[in-house]
Amino acid sequence: MKRKRDNKTALAHQRLDQPSKTQIASASKFAEGLCLKKLFFVFLIGSVLGSFYEEILHFVQTWYETGVPVWSLRRGVIYGPFNVIYGFGAAAMTFFLVRKPYKWWEIFLYSALLGGVIEYMISWLQEFFTHTRSWDYHDLWLNIDGRTTIPYMLVWGVLGLILVKFFYPLISHLIEAIPVRIGEILFGVLLAFIFLDMLISWTALLRQTLRHNHVPALTPIGRMYDCYYNDQFLEKYFPNMQHLDQGGRK
């Protein structure tokens with residue numbers, strides 16, 4: 001009898017030690033929870049949607065003002081439809097605002113502040129490193145150093161509220177539904193691609209600035225940039241980028 005009791009106790013402990021089906025299914029999910037891999041996919045999705053949003057907005061504005069439909073690229077990189085300002089904004093809002101149950105007005109306020117700070121900082125970094133500006137809001141109402149405006153920050157607030165309350169739960173579910181092996185491959189390939197894309201794009205812009213300052217190319221890479229990523233080529237992908245003089249004027 002004692003031996004049977006011991007066997008039953010051992011079996012009970014063994015069952016407790018074994019993971020449940022729910023635990024196994026949870027462990028097999030890709031990018032579960034608010035992890036780096038999920039934030040990376042949020043960044044990519046936000047970059048793509050932001051690119052199309054800017055391009056459609058510019059198309060409608062141009063058509064309304066001139067009567068001529070003009071489609072112009074609005075990106076932050078050369079290869080692929082990625083407007084990284086929106087990507088960084090989506091990732092930052094997700095990271096800071098999804099982890100706690102904020103009220104809707106708190107999400108709106110924090111999103112507005114985050115969006116404004118990101119827009120301001122990217123504008124400042126672009127001007128500091130490349131001596132160019134892709135947007136200038138000096139002529140707009142309630143602008144902040146021409147890099148962002150209070151009304152545009154309110155738009156960021158609305159976008160953040162939509163992201164946190166409606167969009168993120170959907171894309172989080174879709175990302176976690178990706179098979180683990182496929183998800184890991186996608187993550188590695190897309191991470192390498194977007195890293196190289198940003199590296200090539202932004203160093204091409206840096207080389208363009210040096211070229212405008214009459215600094216000759218001293219390496220084969222610099223000469224390749226001057227040949228392939230020339231001003232005409234870059235103007236196609238960054239049509240709204242304006243070079244500034246030493247006084248910070250266009």
Side-chain angles (χ1 to χ4, degrees), residues 22 25-26 29-61 64 74-77 80-126 134-178 183 186-187 190-191 194 240:
T22 304
S26 177
K29 286 183 179 180
F30 171 71
E32 186 179 12
L34 192 59
C35 61
L36 179 62
K37 291 176 183 177
K38 182 171 289 179
L39 287 173
F40 173 73
F41 279 93
V42 170
F43 164 80
L44 285 183
I45 295 170
S47 296
V48 172
L49 293 179
S51 177
F52 288 130
Y53 166 76
E54 286 283 338
E55 289 168 1
I56 293 171
L57 184 64
H58 178 264
F59 178 85
V60 173
Q61 287 177 336
Y64 176 77
R74 290 292 186 269
R75 302 177 177 181
V77 291
F82 302 109
N83 192 316
V84 294
I85 296 177
Y86 288 89
F88 285 130
M93 291 173 188
T94 300
F95 178 76
F96 287 109
L97 302 179
V98 167
R99 295 182 296 174
K100 294 182 180 180
Y102 290 109
K103 297 177 182 178
W104 72 266
W105 62 268
E106 292 177 314
I107 296 173
F108 173 80
L109 179 61
Y110 294 146
S111 297
L113 292 173
L114 279 170
V117 168
I118 290 171
E119 190 172 30
Y120 188 100
M121 288 304 301
I122 290 180
S123 174
W124 184 87
L125 289 170
Q126 178 183 346
S134 293
W135 61 90
D136 188 350
Y137 302 143
H138 275 105
D139 295 333
L140 298 183
W141 185 55
L142 295 178
N143 75 84
I144 302 174
D145 197 23
R147 304 186 189 281
T148 189
T149 72
I150 301 298
Y152 282 3
M153 290 174 66
L154 297 180
V155 174
W156 279 108
V158 173
L159 292 176
L161 188 60
I162 295 172
L163 169 68
V164 174
K165 286 295 186 182
F166 304 103
F167 194 61
Y168 174 75
L170 173 63
I171 61 173
S172 175
H173 176 74
L174 293 176
I175 292 170
E176 291 184 2
I178 300 173
L186 277 175
F187 174 73
L190 290 173
L191 179 63
I194 199 68
N240 57 332

For this session: Could you pull out all residues at least two apart from Tyr53 that satisfy ring-ring contact (aromatic ring centres under 6.0 Å, His included)?
Result: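 Applying ring-ring contact (aromatic ring centres under 6.0 Å, His included) to Tyr53 gives Tyr86.
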Exercise. Can you name the side chain to side chain donor-acceptor pair (under 3.5 Å) partners of Ser111, sequence neighbours left out?
Worked result: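 Here no residue qualifies.
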For this session: Only counting residues at least two apart or in another chain, list the ones meeting side chain to side chain donor-acceptor pair (under 3.5 Å) with Asp139.
Result: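 Applying side chain to side chain donor-acceptor pair (under 3.5 Å) to Asp139 gives none.
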Say you draw a straight line from [atom1] of [X] to [atom2] of [Y]; how long is it, rounded to the nearest 0.5 Å?
X	Y	atom1	atom2	result
Tyr102	Leu161	OH	CG	14.5 Å
Ser123	Ile118	OG	CD1	13.5 Å
Tyr110	Leu97	OH	CG	8.5 Å

What pair of heavy atoms forms the shortest contact from [X] to [Y], and how long is it?
X	Y	value
Glu55	Arg74	OE2-N, 3.2 Å
Ile122	Trp135	CG2-CH2, 4.0 Å
Ser51	Pro81	CB-O, 3.5 Å
Tyr137	Asn143	O-CB, 3.1 Å

Exercise. Is there side-chain contact between Ile194 and Leu190, with heavy atoms separated by less than 4.5 Å?
Worked result: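 Side-chain contact under 4.5 Å: no.
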Exercise. Going by heavy atoms in the side chains, are Phe30 and Lys37 under 4.5 Å from each other?
Worked result: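 Phe30 vs Lys37: side chains touch.
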For this session: State which residues pass side chain to side chain contact (heavy atoms under 4.5 Å, CB included) with Lys103; sequence neighbours excluded, sorted by chain then number.
Result: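 With sequence neighbours excluded, Lys103 shows a side chain to side chain contact (heavy atoms under 4.5 Å, CB included) to Trp105, Glu106, given in chain and number order.
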Exercise. Which residues satisfy the side chain to side chain contact (heavy atoms under 4.5 Å, CB included) test with Val158, sequence neighbours excluded?
Worked result: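 Phe108, Ile162.
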Please list, one pair per line, the donor and acceptor atoms closer than 3.5 Å that link side chains of residues 89-96 to other protein atoms, with sequence neighbours excluded.
{"unit_1": "Thr94", "atom_1": "OG1", "unit_2": "Ala90", "atom_2": "O", "d": "2.7"}

For this session: Write out all pairs satisfying salt bridge (Lys or Arg N to Asp or Glu O under 4.0 Å) with one or both partners inside residues 85-97, taking only residues at least two apart or from two chains.
Result: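 Of all non-adjacent pairs touching residues 85-97, none passes salt bridge (Lys or Arg N to Asp or Glu O under 4.0 Å).
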Problem set entry | Sequence neighbours excluded - salt bridge (Lys or Arg N to Asp or Glu O under 4.0 Å) pairs with any residue from residues 143-160 |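 As it turns out, the salt bridge (Lys or Arg N to Asp or Glu O under 4.0 Å) pairs with a partner in residues 143-160, which skip direct neighbours, are Glu127-Arg147, Asp145-Arg147.
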Exercise. Is it true that a side-chain atom of Asn83 and a backbone atom of Ser47 form a donor plus acceptor pair closer than 3.5 Å?
Worked result: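 No.
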Show me, pair by pair, the donor-acceptor contacts under 3.5 angstrom made by side chains of residues 148-157, not counting sequence neighbours?
{"unit_1": "Thr148", "atom_1": "OG1", "unit_2": "Glu119", "atom_2": "OE1", "d": "2.8"}
{"unit_1": "Thr149", "atom_1": "OG1", "unit_2": "Tyr152", "atom_2": "N", "d": "3.0"}
{"unit_1": "Trp156", "atom_1": "NE1", "unit_2": "Glu119", "atom_2": "OE1", "d": "3.4"}

Exercise. Would you call the rings of Phe41 and Phe187 parallel, tilted or perpendicular, where under 30° means parallel and over 60° means perpendicular?
Worked result: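 Plane angle between 30° and 60°, so tilted.
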Show me the donor-acceptor pairs, under 3.5 Å and distance only, between side chains in residues 163-176 and residues at least two apart or in other chains.
{"unit_1": "Ser172", "atom_1": "OG", "unit_2": "Lys38", "atom_2": "NZ", "d": "2.7"}
{"unit_1": "Glu176", "atom_1": "OE2", "unit_2": "Gly33", "atom_2": "N", "d": "3.1"}
{"unit_1": "Glu176", "atom_1": "OE2", "unit_2": "Lys38", "atom_2": "NZ", "d": "2.5"}

